[in-house]
Student: 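Starting off with a structure, shown below.
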Amino acid sequence: MGKPKAIVERELCLACGGCISVCPQDAITMIARKASVNKENCIGCEICIKTCPVAAICWEGN
Amino acid sequence: MEYDAVVVGSGPAGSVTARFAAESGAKVLIIERRQEVGVPVLCGEGISKQVDDFKVLKGRRWIANNMDGARIFSPDGTMVKLAAEMAGNETGYVLYRDIFDQELARGAIRAGAELMLNTCAVNLLKENDKIKGVKARHFDEEIDIKADVVVGADGVESKVGRWAGMKTTLKPSDLEICAQYTLTNVDVEREYCDFYLGKKIAPGGYVWIFPKGNDVANVGIGILASLSKPGLATSLLDKFISSHPELKKGEPVRFLAGAVSVSEPYESVRDNLLLVGDAARQVDPITGGGLMASIEAGKIAGETIGRAVEMEKFDKEMLSAYEKAVEAAFYKKLKRNYMVKEIMLGFEDKTLNMLADSLKDVKFDEISTFGLVKALVSKHPSLLMKLRPLIKAARV
Ligand SMILES: Cc1cc2nc3c(=O)[nH]c(=O)nc-3n(C[C@H](O)[C@H](O)[C@H](O)COP(=O)(O)OP(=O)(O)OC[C@H]3O[C@@H](n4cnc5c(N)ncnc54)[C@H](O)[C@@H]3O)c2cc1C
Ligand code: SF4
Ligand code: SF4
């Protein structure tokens, strides 16, 4: 299984860029005005999840 | 497509850089991934009147309201009033940030720069490890834009620096996470920007009320990402508004989420590349205000590019003139304010209340630093210990 991965709920994201600027893996990119996690690089550190001002990021599968 | 400089991002940093580069003879292209410059607005929209000194804006359409000063409220509600000159880079005008950004972009275009909307940089263009421009996506089309200098003016999430191998990732304790409503139907003090401090109100940050005139105000919050939980910024802001007698009558016409760095400035130059504005973390770490710094740094960056084009030299040594000049212009202040931010973070609400109580009757325009310290300490002697590191920082 390995560590869980972060995932962005696209409808909730307001494109503030906060999660992108703190992701230690550079795993998040803005695509078509929504943040998007590249699962390959995500290490599940949770930083982006805690950072999001509108709670748009959660664990995949939850 | 071939240019002397390609600027990624049409925010204040990008447009001002492009303008001064174009004015000094460079062939410049700005690319912007949005479909409209300045929209959506991601800003509290406060700025110092010093912006007028830079003469980069025409007319007055971008001004929503004039401010006399700021009022700072400590956790127990004690108010300290500051005149605009004392209150830092966010007090003076309240802007229409969309019009503001568009006016700055217009200035760049008048100077000869080109602007391409709906165009997102996706990587650097490299040949044998040398930066040759950017790869971008314009709708479904991938395009290569060749340029001698790439300017990363791509804001807080900046990727341009990372593509060049610079470590621009922020520590969560160096990022403010923001949410803001623009409320109508609120009758708030029109001449003052209000700031509310306190661990319960906004951990590691503050709530602001910036009146835009008529019955409109920006009411926002910034909290430190290291103290954040999912959605906390928005829920704390909602709580603040619903417990405020006037604001709770308001109706939102806009809601935004934002992020701004409160770090020390980062390295900003490589061969054929420089970073400007939020991308270079040129933001006041106490207030989170970055508009003035973006404009000041953008002017210097543009002029440096002009000289580089003239001398046909684009290596790090040449472009470092930009970094040296911004360091001389305002990095000392940013570094000092970073120290102050770190010290203030350790303050309990009780200390902030004591500080405010000591300062509430001080006439700031008349007082010397020594007089200020005396005023602080004579009322609450225990403040001296707490403030010692601050006084030290102020001397640096
Ligand atoms: C909620 C909030 C309130 C604030 N309030 C104030 C305030 O009251 N006063 C103040 O002085 N400062 C304030 N700031 C800070 C201020 O907004 C920034 O310092 C300022 O916007 C920095 O300008 P910039 O040009 O560096 O970046 P930005 O204005 O962020 O511009 C970056 C541009 O680059 C574009 N871009 C990004 N990536 C790409 C790409 N790959 N390809 C193409 N284009 C791209 C973006 O779309 C954007 O248009 C606030 C910030 C926030 C978040
Ligand atoms: S969990 Fe950590 S590594 Fe994964 S996307 Fe979020 S910040 Fe990046
Ligand atoms: S922090 Fe949240 S709102 Fe901001 S870009 Fe990331 S997912 Fe979107």
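Note that this is a predicted model, so its numbers are computed, not measured. Reckoned from all heavy atoms, side chains included, excluding hydrogens, waters and symmetry mates. The sequence lines fix the lettering, A, B, ..., with proteins before strands; numbering per chain opens at 1.
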Student: What residues, two or more places apart in sequence or in another chain, satisfy side-chain contact (heavy atoms from CB on, under 4.5 Å) together with Ala105(B)?
Tutor: Ser15(B), Val37(B)
Student: Could you work out, with side-chain contact (heavy atoms from CB on, under 4.5 Å) as the rule, every residue matching Ile201(B), not counting sequence neighbours?
Tutor: Tyr196(B), Val207(B), Phe240(B)
Student: Which bit of Ile28(A) comes within less than 4.5 Å of chain B, counting heavy atoms only: side chain, backbone, both or neither?
Tutor: backbone
Student: What part of Ile47(A) lies closer than 4.5 angstrom to a heavy atom of chain B: side chain, backbone, both or neither?
Tutor: side chain
Student: With a 4.5 angstrom heavy-atom cut-off, is it the side chain or the backbone of Ala15(A) that approaches chain B, or both, or neither?
Tutor: backbone
Student: Between Pro230(B) and Ala55(A), what is the shortest heavy-atom contact and its length?
Tutor: C-CB, 3.8 Å
Student: Find the N and O donor-acceptor pairs between chain B and chain A that sit under 3.5 Å apart.
Tutor:
from: Arg33(B); atom 1: O; to: Arg33(A); atom 2: NH2; distance (Å): 3.4
from: Lys159(B); atom 1: NZ; to: Asp26(A); atom 2: OD1; distance (Å): 2.7
from: Lys159(B); atom 1: NZ; to: Ile28(A); atom 2: O; distance (Å): 2.5
from: Arg162(B); atom 1: NH1; to: Asp26(A); atom 2: OD1; distance (Å): 3.0
from: Arg162(B); atom 1: NH2; to: Ile20(A); atom 2: O; distance (Å): 2.6
from: Leu170(B); atom 1: N; to: Ser21(A); atom 2: O; distance (Å): 2.8
from: Ser228(B); atom 1: OG; to: Lys50(A); atom 2: O; distance (Å): 2.5
from: Gly231(B); atom 1: N; to: Cys52(A); atom 2: O; distance (Å): 2.9
from: Thr234(B); atom 1: OG1; to: Pro53(A); atom 2: O; distance (Å): 2.5

Student: According to side-chain contact (heavy atoms from CB on, under 4.5 Å), who are the partners of Ala164(B), at least two apart in sequence or on a separate chain?
Tutor: Leu124(B), Ile131(B), Met166(B), Leu273(B)
Student: Which atom names give the shortest non-hydrogen contact between Pro53(A) and Ala233(B), and what distance separates them?
Tutor: CB-CB, 3.9 Å
Student: How far does CG of Leu175(B) sit from SG of Cys16(A), to the nearest 0.5 angstrom?
Tutor: 8.0 Å
Student: Checking heavy atoms, do the side chain of Cys23(A), its backbone, both or neither come under 4.5 Å from chain B?
Tutor: backbone
